[in-house]
Amino acid sequence: MDSAFIRNFSIIAHIDHGKSTLADRLLEATGALSQREMMEQVLDSMDLERERGITIKAHAVRLNYRASDGETYQLNLIDTPGHVDFSYEVSRSLQACEGALLVVDASQGVEAQTLANAYLALHHDLEIIPVINKIDLPAADPERIRAQIEQVVGLDASDAILVSAKQGVGVQDVLEAVVHLVPPPKGSPESPLRALVFDSWFDPYRGVITLLRVVDGTLRTGQKIRLWSNGKSFEVEGLGYQSPKAIPAEQLSAGEVGYMFANIKTVSDAQIGDTVTDDAKPAAQPLPGFEQIKPMVFAGLYPVESHEHGVLREALEKLRLNDSAFSFEPESSAALGFGFRCGFLGLLHLEIVQERLEREFQIDLITTAPGVRYRVVLRDGDVMEVDSPTKFPDPAKIDKIEEPIIEATVITREEFLGEILKLLDEKRGVQKKFEHIGSDRVLLAYEIPLNEVVLDFYDRLKSASRGYASLDYHLAGYRESPMVKLDVLVAGEPVDALSIIVHKDFAHERGKALIERLRKLIPRQMFEVALQAAIGNKVVARENIPAIRKNVIAKCYGGDITRKRKLLEKQKEGKRRMKRVGRVEIPQEAFLAVLRVGGNQT
Amino acid sequence: MAGVYVSYPFCDQKCTYCNFASGVPSAGLESEYINAVTAEIAAHRWQWSPETVYFGGGTPSRASIRQLNRLLDAIPGRPWKEATIEVAPGTVTPGNAQAWKGAGITRASLGVQSFVSRELVRTGRKHTSETVARDVEQLREAGIDHINIDLIAGLPFQNEASWRESLHWVGRLEVGHVSVYMLEVDAGSRLGLEILKGGARYGARDIPDDDCIASFYQEAVEYLHRIGLRRYEISNFARPGFESCHNLKYWRLEPYIGFGADAHSFDGKTRRRNVESAGEYVDRFRRGMDPCASETPAELAEERFFVGLRLEEGIRPAAPELVRFADPIRRFLEDGLLVMEGGLLRLTNRGVLLSNEVFQEFLT
């Protein structure tokens, strides 16, 4: 197809500003799906995505649109993940486009993700078309939002399109704007092949399926291709595009977007951001911007039933076929037995993996408190990367510790500012920007240790702002911090899975809060149990769980022995689900207690 | 020798702490039920002549003398070594008591629960301590002198002083047998459900905590011992010779057969349970169906421990059992929850209160 009639674009928005609904309308308006066929929010296809209302994987749908100029255009709508954990994937999706629709809610206005996504799009030189959505809502104030987009994002919003995706208002205007404002792709079908992988997933029948944007040259079935980053070559078995059903095609040429399968066995062989080129006549340069995605958040995953260790390993291997962004390596804990230290892009990513393991593989899991990867410089000059408290070196050998820092953008209403500033301060944040937006809102930029964010930041921010604060962040480097390892001793025995790495100044307070929480979570045992929090040999907090005094069935049941047995079996089953450390039975929730000890929450 | 249990699952009102399948009968149900149970007993082919009979409930003492006679007449073996009727305080009259005696009843078990009005009122009970004293007197006059009093530790508003008052009443009445139960908190009773939900009805927020209940129990053990009633099972205390022969069969794994709704049977190999509700029981009878709802093979190797160890006399483990359970036995001996003397294994005082912890380890 002549690339003059191709338009590649994305929709970017803050969560719940109506991205998916608008996408559905565009599909409907171009006849890609009849209304009857239309399931709500077609593009969010994974169950989890639907439930959470967040797009986790990218998708690309080809729409054929007959514009008012009488020409028929091929519009490729590339959907992007909608969460900060997946910002690298968003950036690759945007790289596959020439334009983006920036959707802003007509009453809520610019939020943190609006800003982050808009900057990302500007960074990729995309033509950004502001769209003000939900104009049907009673609280809609498009003029105020138009001004806000100009002031906060710095875009000319005078031609912003007013839309109600829900009612189908303005959809035609959006399609016309895409045709007339988004530039056609450059690139020549005759140049050596270069195609950008912007998503890949594992299909049990076809192997890995990749979504590609052909930048230069032409991709054909049967062609021998090569992945740039690893040099591996494969033969193209099938090509096509989503409309949104998969339609096979013989070739994809410069400017076009589609899918490819080439008997690739694992997604880590076709990573997002990689360049596909011809094996015989490779291009001179890869496409820019490829990075190995690095996990930022780490947690131990342990099977509740220790014999399920092998099952968990298989499940993790299977999940990794489909998700090269998480990592895992064997780890063992004296308290929890054999498990895996897993790395994730962020907390949502962790939750997704955890839920898929429990849902798709029916494995009961204990997840230890998430942490980050520290850079520890030892006195002898060696540098260690520490992603687990158990690997924390002897403090006597440590010269300095650096922790990952993020730059967070928070947009909120003025009335919640006090609480939020207090929270950011408590989270060791350093203010970088304080800016009023419009009459009653404030934009804050802060540098915060990632460690503080993974603890309980989202929940606290949400409650501090009653939901009226939006957050976006990106990694901003490392900063030296006096971190220490806080151990928990139960009945005198250290429980490695309960150790955390904390800032020295917070160790005492966190230790105390943690012990108090554990006292409530660990049931009384047949003997008194001492709980201690300690840094090295120094005990910073202590509590006792008194011994249980009675656990007895004192009742006569006309010979109902079966009932007695059932009661005993139920108790026994309850214990079996706990982890035994020394002689103390510790329930699973205790291992997550560490999560909830930040600040003054109970 | 075996025992017979007959279930009468009807009451004048449902007590707040009660988690049995019993309640106030609808019109007509009661007489149909008696017909059905009589028929179930009559149809039974006796392999042995029963030694004990237990007429339990519910409130069997509210059954008419005619109904009682119909049921008991169907059971062979009269005069039985022991025949117990469960009695709600206030349902004894001189006429009743004599009729019971005449029907072969030798023992009465009074569901007193408490002698303290403040506690009784909240549970839905209407009697007073005087009612109980009069009942005991009338039973004795009729010649029924094996008398048990049930007490519950853990009722709303109970405290150390009120618990002692109930215990002292038992001493004053000089009954030969006392059962001390502890309030069970589960969704089966209104009070239990309210406690689980965190509500305030039925005095749910005024129940003593577990540690208090443990102290109440401990006090009962000591007090009853002082007045000559020794513990022979976790919740049963008797003057020597006044133990319940029927209940002992449960704990010694001897056979018994139950008739009526929610009645349980054990023939030495299999445990059976009849359908729980009186309505369904009657319905099955009408359709000519077996009232048995479930049948499971007994697991005697384990039951010997978690049932037999309830008895103060303990059990005498055989060599293979000592091997099979070597681990928990050693651990509990070390912890002082079990004691072994002359080949007899039994719970210690502390072991009784933590007996569930012990018993669990004998389930495999």
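Chain naming here is simple, since letters A, B, ... match the order of the sequence lines and numbering starts at 1 in each. Note that the coordinates shown come from a computational prediction; the quantities given were computed from them, not determined experimentally.
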| query | Which one of N356(B), D211(B), V352(B), V180(B) has the most heavy-atom pairs closer than 4.5 Å to chain A? | reply | N356(B)
| request: For chain A, find which of A263(B), S215(B), A153(B), G56(B) contributes the most heavy-atom pairs closer than 4.5 angstrom. | output: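 Heavy-atom pairs under 4.5 Å are most numerous for S215(B).
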| message | Walk me through whether Y217(B) and R549(A) qualify under side chain to side chain contact (heavy atoms under 4.5 Å, CB included). | response | CA-CA 11 Å; Y217(B) 176 82; R549(A) 281 200 57 198; over 6 Å; no
In terms of heavy-atom proximity below 4.5 Å to chain A, should [X] be classed as side chain, backbone, both, or neither?
| X | value |
| --- | --- |
| Y5(B) | side chain |
| F20(B) | side chain |
| L337(B) | side chain |
| R272(B) | neither |
| V358(B) | neither |
| N236(B) | neither |
| S294(B) | neither |
| D186(B) | side chain |

| task | Starting from the C-alpha separation in whole Å, work towards a yes-or-no answer on side chain to side chain contact (heavy atoms under 4.5 Å, CB included) for E357(B) and I548(A). | result | CA-CA 10 Å; E357(B) 304 275 344; I548(A) 185 176; 4.1 Å; yes
Please check if atom [atom1] in [X] has more than 12 non-hydrogen atoms from other residues, nucleotides or ligands closer than 6.0 Å.
| X | atom1 | value |
| --- | --- | --- |
| E160(B) | CD | no |
| R466(A) | CZ | no |
| F338(A) | CZ | no |

Measuring from atom [atom1] of [X] to atom [atom2] of [Y], what distance do you get when rounded to the nearest 0.5 angstrom?
| X | Y | atom1 | atom2 | value |
| --- | --- | --- | --- | --- |
| R273(B) | I561(A) | CZ | CD1 | 14.0 Å |
| I553(A) | S235(B) | CD1 | OG | 10.0 Å |
| D210(B) | N551(A) | CG | CG | 8.5 Å |
| F266(B) | T562(A) | CZ | OG1 | 10.0 Å |
| L354(B) | Q525(A) | CG | CD | 11.5 Å |

| said: Could you walk me through whether K575(A) and E361(B) satisfy the salt bridge (Lys or Arg N to Asp or Glu O under 4.0 Å) test, starting with their C-alpha distance in whole Å, then the side-chain angles of each, then the deciding distance to 0.1 Å, before giving a yes or no? | reply: CA-CA 11 Å; K575(A) 276 195 189 167; E361(B) 300 303 316; 5.1 Å; no
| field | R565(A), part contacting chain B, at a heavy-atom distance under 4.5 Å | value |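 Both parts, backbone and side chain.
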| Per-residue contacts, residues 242-261 of chain B versus chain A, heavy atoms under 4.5 Å | N247(B), Y250(B), W251(B), Y256(B)
| So, are D209(B) and K550(A) salt-bridged, with charged N and O less than 4.0 Å apart? | no
| Is E184(B) salt-bridged to R563(A), cutoff N-O under 4.0 Å? |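 R563(A) and E184(B): salt-bridged.
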Heavy atoms only: give me the nearest [X]-[Y] pair and the separation to one decimal.
| X | Y | answer |
| --- | --- | --- |
| A554(A) | R310(B) | CA-NH2, 4.2 Å |
| K564(A) | F306(B) | CB-CE1, 4.3 Å |
| K572(A) | L363(B) | NZ-O, 2.6 Å |

| query | Run the side chain to side chain contact (heavy atoms under 4.5 Å, CB included) check on I152(B) and K555(A) step by step: do they pass? | reply | CA-CA 9 Å; I152(B) 297 181; K555(A) 205 156 191 178; 5.6 Å; no
| message | Please determine whether side chain to side chain contact (heavy atoms under 4.5 Å, CB included) holds for the pair D335(B) and F527(A), giving the CA-CA distance in whole Å, both sets of side-chain angles, and the decisive distance to 0.1 Å. | response | CA-CA 9 Å; D335(B) 285 350; F527(A) 41 88; 5.9 Å; no
